[in-house]
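A short write-up of the structure that comes next.
Indexing begins at 1, ligand by ligand and atom by atom, following the structure's order. Positions are given from 1, in the same order as the sequence printed here. Note that the structure is predicted; figures quoted are calculated from it, not measured.
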Amino acid sequence: MRLVITGVPGTGKTVLAQKIARKMKLRLVKINDVVVKKRLWKGKDRFGAKIVLMGPLQRELKRLMDAGNDLVMEGHLACEFPLPADLVVVCRTSPKLLEKRLSQRKYPKKKAEENLMAEMLDYCTICSLANYPKKKVFEIDTGKKLGENAREIEAIARGRGKKFLAGRIDWSKELEKQLG
Ligand SMILES: Nc1ncnc2c1ncn2[C@@H]1O[C@H](COP(=O)(O)OP(=O)(O)OP(=O)(O)O)[C@@H](O)[C@H]1O
Ligand SMILES: [Mg+2]
């Protein structure tokens with residue numbers, strides 16, 4: 001099983017991937033750690049975030065996937081390019097809850113707003129659907145308890161996750177409110 005967990009920052013990829021790795025006995029690959037370890041970045045943006053070398057990162061992640069079968073790879077950049085994954089799970093969090101989680105992290109306000117907007121516009125889902133086969137892309141609402149999300153991913157991995165196929169989650173009501 002080669003599982004990709006992606007989603008906007010703050011949607012709970014890392015905590016969920018850690019739980020899934022333990023439960024499903026998969027090797028955990030954190031994409032942010034790969035970027036640092038292999039020095040796959042050049043310079044920083046206006047928020048101080050690393051500017052990642054996307055081509056080299058994609059090649060390195062593909063190499064890791066080709067080398068080992070049982071792994072879970074997590075990171076927001078995984079939605080940006082195709083990888084030889086069996087399943088892609090996009091973590092989704094309602095804007096209200098995401099705003100709370102991001103504010104607790106002391107993100108720069110502008111950066112938090114960008115991430116919130118990305119979530120409201122289904123950014124990671126749209127990117128994943130553009131880069132991976134449609135039938136392999138699923139979405140889960142990480143506003144639930146971690147254990148429940150882990151069970152949902154296990155169901156998806158067993159082929160019983162039809163109701164989690166991407167396209168079901170829609171925050172447009174929240175977006176309307178945000179726009180006043
Ligand atoms: N299902 C959940 N229930 C309660 N809290 C959660 C849940 N998922 C995530 N959180 C909390 O939300 C915060 C963000 O989670 P996490 O660091 O896993 O996000 P991330 O998607 O990996 O973010 P980044 O892309 O910045 O690494 C953490 O404080 C985490 O404990
Ligand atoms: Mg993380």
Side-chain angles (χ1 to χ4, degrees), residues 3-24 26-38 40-41 44-54 57-58 60-61 64-65 71-81 83 85 87-128 131-132 137-157 161 163-164 166 168-169 171 174:
L3 178 62
V4 164
I5 297 183
T6 190
V8 166
T11 52
K13 300 176 294 293
T14 303
V15 287
L16 187 56
Q18 279 164 343
K19 187 158 184 98
I20 281 292
R22 274 197 307 274
K23 271 191 107 175
M24 294 175 67
L26 302 174
R27 177 184 165 211
L28 175 59
V29 176
K30 296 182 187 177
I31 295 176
N32 289 342
D33 290 354
V34 176
V35 168
V36 172
K37 219 179 270 171
K38 299 279 174 176
L40 301 175
W41 58 282
K44 297 206 173 166
D45 68 12
R46 67 202 157 111
F47 299 117
K50 293 180 190 70
I51 298 168
V52 175
L53 302 166
M54 297 297 274
L57 176 63
Q58 182 186 10
E60 177 60 19
L61 297 179
L64 288 170
M65 270 200 178
L71 57 85
V72 49
M73 206 171 254
E74 67 88 12
H76 70 280
L77 293 175
C79 72
E80 302 283 352
F81 37 61
L83 292 169
L87 294 177
V88 177
V89 176
V90 184
C91 292
R92 303 297 309 265
T93 306
S94 76
K96 221 173 164 178
L97 181 56
L98 186 61
E99 190 170 24
K100 204 170 123 201
R101 283 188 192 162
L102 292 174
S103 70
Q104 281 164 354
R105 284 169 148 207
K106 303 191 176 67
Y107 256 21
K109 196 166 176 275
K110 196 91 193 120
K111 183 85 182 167
E113 278 171 7
E114 267 188 25
N115 288 330
L116 259 184
M117 193 51 79
E119 178 60 18
M120 287 194 275
L121 296 175
D122 310 320
Y123 178 81
C124 282
T125 302
I126 291 168
C127 272
S128 298
N131 286 316
Y132 295 88
V137 183
F138 298 83
E139 289 176 297
I140 58 168
D141 181 347
T142 51
K144 298 177 186 171
K145 287 222 167 68
L146 206 53
E148 193 173 342
N149 285 147
R151 281 192 293 279
E152 288 172 346
I153 292 186
E154 283 181 307
I156 292 168
K163 67 172 177 172
F164 300 107
R168 186 185 49 112
I169 293 177
W171 308 130
E174 277 87 348

To check your reading of the model: name the closest protein heavy atom to [atom], its residue, and the distance in Å.
| atom | result |
| --- | --- |
| atom 27 (O) of ligand 1 | T14 OG1, 3.8 Å |
| atom 5 (N) of ligand 1 | R101 NH2, 3.8 Å |
| atom 15 (O) of ligand 1 | G12 CA, 3.6 Å |
| atom 1 (N) of ligand 1 | K144 O, 2.9 Å |
| atom 25 (O) of ligand 1 | K13 NZ, 2.7 Å |
| atom 31 (O) of ligand 1 | V15 CG1, 4.1 Å |

### Message
Tell me whether K109 is salt-bridged to E113, with the criterion being a basic N under 4.0 Å from an acidic carboxylate O.
### Response
yes

### Task
Look at ligand 1 and say whether G7 reaches it with a heavy atom at a distance under 4.0 Å.
no

### Task
Please verify whether a non-hydrogen atom of R105 lies at under 4.0 Å from ligand 1.
yes

Under 4.0 Å from any heavy atom of [X], which atoms of ligand 1 are there?
| X | answer |
| --- | --- |
| Y107 | 26 (O) |
| T142 | 1 (N), 2 (C) |
| N149 | 1 (N) |
| T11 | 21 (O) |

### Task
Report yes or no: does Y132 contribute a side-chain atom to a donor-acceptor pair with the main-chain N or O of F81 at less than 3.5 Å?
yes

### Query
Got a sec: is T14 within less than 2.8 Å of the Mg ion (ligand 2) via an N/O/S atom?
yes

### Query
What pair of heavy atoms forms the shortest contact from A21 to V72, and how long is it?
CB-CG1, 3.8 Å

### Task
Report the part of L16 (side chain from C-beta onward, or backbone N, CA, C, O) that has a heavy atom under 4.0 Å from ligand 1; answer both or neither where that applies.
neither

### Query
Name the one of T142, T125, D141 that satisfies side-chain hydrogen bond (donor to acceptor under 3.5 Å, both in side chains) with R92?
T125

